[in-house]
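Step one of this worksheet: look at the structure below.
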Amino acid sequence: MILNRRTLLFGAAATLSGCDGLARNEQARELLFSAENFHKWAQRSLMARGALAREFRPDQISPFFRPNGTANPNTPEYRALWRSGFADWRLKLSGLVGRPLSLSLAQLHSLPHREQITRHDCVEGWSAIGKWRGVPLSLVLDAARMSDKARYLVFKCADFMGDGRPYYESIDMVDAFHPQTILAFALNDQPLRVANGAPLRLRVERQLGYKHAKYLMEIEAVDTLSGIGGGKGGYWEDRANYDWYAGI
């Protein structure tokens, strides 16, 4: 039987207070993250690489989609972008690409969209179903002409965590080109709220919520994760030894 991570964590998470509480609890971390290699093997070996996460009906959408992690970057730079309606915001795509990009929100809106109603499973033990609309990440990567040397995408964000370090996450090319991996700019038919990651967030539907980076500023294509942050592929991976592969 394949254990569901959310079920596995539920008892431990009930006594904790969010991601910071989990980070301080070694037993809970071990309970949640001991199965990383198994989950990766199961998703990559037993299922087709393009197998879809479950999608839901409109009447199953949660009445409220609570924020996870940062609810507002609240830096001078972010506040200035927010006041302008993100007119001056740009998403940069850099690194191992043949054509570096700098895309405005209007340009992203003009690209073909994908809509999907999926469940967000948070490491804190809660879940919510929401309708996301955004640009398939694969379209942007194709436009940037990815190098064959690129193995990972690193997502750099506008929010700084309690220790003063910026949030970042990463995924490999299998998830990057998955049909449900999108750069989302709308939730439940409304532009993203600040609390949910405005103006743009990653949706990588077959992984836990901390992989769904919010407040995106830059995507860098790299051949290794060493030398980026603490070298483990993400903020919580560096800070609390969370799994890099958080499959559900």
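Note that the structure is predicted; figures quoted are calculated from it, not measured. Values reported hereafter were calculated over all heavy atoms of this structure, with side chains retained and with hydrogens, waters and symmetry mates removed.
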Report summary line: So CG of L216 and CZ of R201: to nearest 0.5 Å the spacing works out to 9.0 Å
Query - M146 side chain near M173 side chain, heavy-atom distance below 4.5 Å - result: yes
Query raised in the report: Can you tell if the side chain of E218 reaches within under 4.5 Å of the side chain of S94, non-hydrogen atoms only?
Result: yes
Query - Passing option when Y210 is tested against Y242, W236, Y167 for ring pair (Phe, Tyr, Trp, His ring centres under 6.0 Å) - result: Y242
Query - Spacing of Q116 atom CD and T181 atom OG1 [to the nearest 0.5 Å] - result: 8.0 Å
Report summary line: CG of L141 to CZ of F177, rounded to nearest 0.5 Å, is 4.5 Å
Report task. Look at the side-chain heavy atoms of Ile, Leu, Val, Met, Phe, Trp and Tyr, link any pair under 4.5 Å apart, and say whether L202 and L208 land in one connected group. Result -> no
Query raised in the report: Rounded to the nearest 0.5 Å, what separation is found between the NZ atom of K131 and the CG atom of L187?
Result: 10.5 Å
Query - Residues R54, R119; criterion side-chain contact (heavy atoms from CB on, under 4.5 Å); working and verdict - result: CA-CA 8 Å; R54 180 184 174 186; R119 189 180 70 193; 5.7 Å; no
Query raised in the report: Which ring pair (Phe, Tyr, Trp, His ring centres under 6.0 Å) pairs, counting each pair once, include a residue from residues 136-160, with sequence neighbours left out?
Result: Y152-W244
Enumerate donor-acceptor pairs with a distance under 3.5 Å from any side-chain N or O in residues 221-233 to protein atoms, sequence neighbours excluded.
from, atom 1, to, atom 2, distance (Å)
T224, OG1, S226, N, 3.2
T224, OG1, S226, OG, 3.1
K232, NZ, N241, OD1, 2.4

**Report entry** Any pair counted as ring pair (Phe, Tyr, Trp, His ring centres under 6.0 Å), so long as it reaches residues 93-113, sequence neighbours left out
**Finding:** H109-F185, H113-F185
Report summary line: When rounded to the nearest 0.5 Å, the distance separating NZ of K92 from CG of L101 is 12.5 Å
Query raised in the report: Are any side-chain N or O atoms of D175 and backbone N or O atoms of H178, one a donor and one an acceptor, separated by less than 3.5 Å?
Result: no
Query raised in the report: Do the charged groups of E237 and K211 touch, with an N to O distance under 4.0 Å?
Result: yes
Query raised in the report: If we only count heavy atoms from C-beta on, is the Q60 to I117 side-chain gap below 4.5 Å?
Result: no
Report task. Verify, without hydrogens or angle tests, whether R90 (side chain) and A87 (backbone) share a donor-acceptor contact under 3.5 angstrom. Result -> yes
Query raised in the report: Which distance, rounded to the nearest 0.5 Å, do you find between the CG of L137 and the CG of L183?
Result: 5.0 Å
**Report entry** Any donor-acceptor N/O pair, H212 side chain to V204 backbone, under 3.5 Å
**Finding:** yes
Requested in this report: Taking only Lys NZ, Arg NE, NH1 and NH2, and the carboxylate oxygens of Asp or Glu, determine whether R114 and E205 approach each other closer than 4.0 Å.
Outcome: no
Query raised in the report: With sequence neighbours left out, what residues match Y78 under ring-ring contact (aromatic ring centres under 6.0 Å, His included)?
Result: F86, Y215
Report task. Under the salt bridge (charged side-chain N to carboxylate O under 4.0 Å, His left out) rule, collect the residues that match up with R165, sequence neighbours excluded. Result -> D163
Requested in this report: With side-chain contact (heavy atoms from CB on, under 4.5 Å) as the test, would you mind laying out the steps for Q207 and Y245 before giving the verdict?
Outcome: CA-CA 8 Å; Q207 298 212 36; Y245 189 79; 3.7 Å; yes
Do any side-chain atoms of residues 61-72 form donor-acceptor pairs under 3.5 angstrom with protein atoms, and if so which ones, sequence neighbours left out?
from, atom 1, to, atom 2, distance (Å)
S62, OG, I129, N, 2.8
T70, OG1, D159, OD2, 2.9
N72, OD1, N74, N, 2.9

Query - Audit row: R145, V97, side-chain contact (heavy atoms from CB on, under 4.5 Å) steps and yes/no - result: CA-CA 6 Å; R145 299 200 296 268; V97 297; 6.0 Å; no
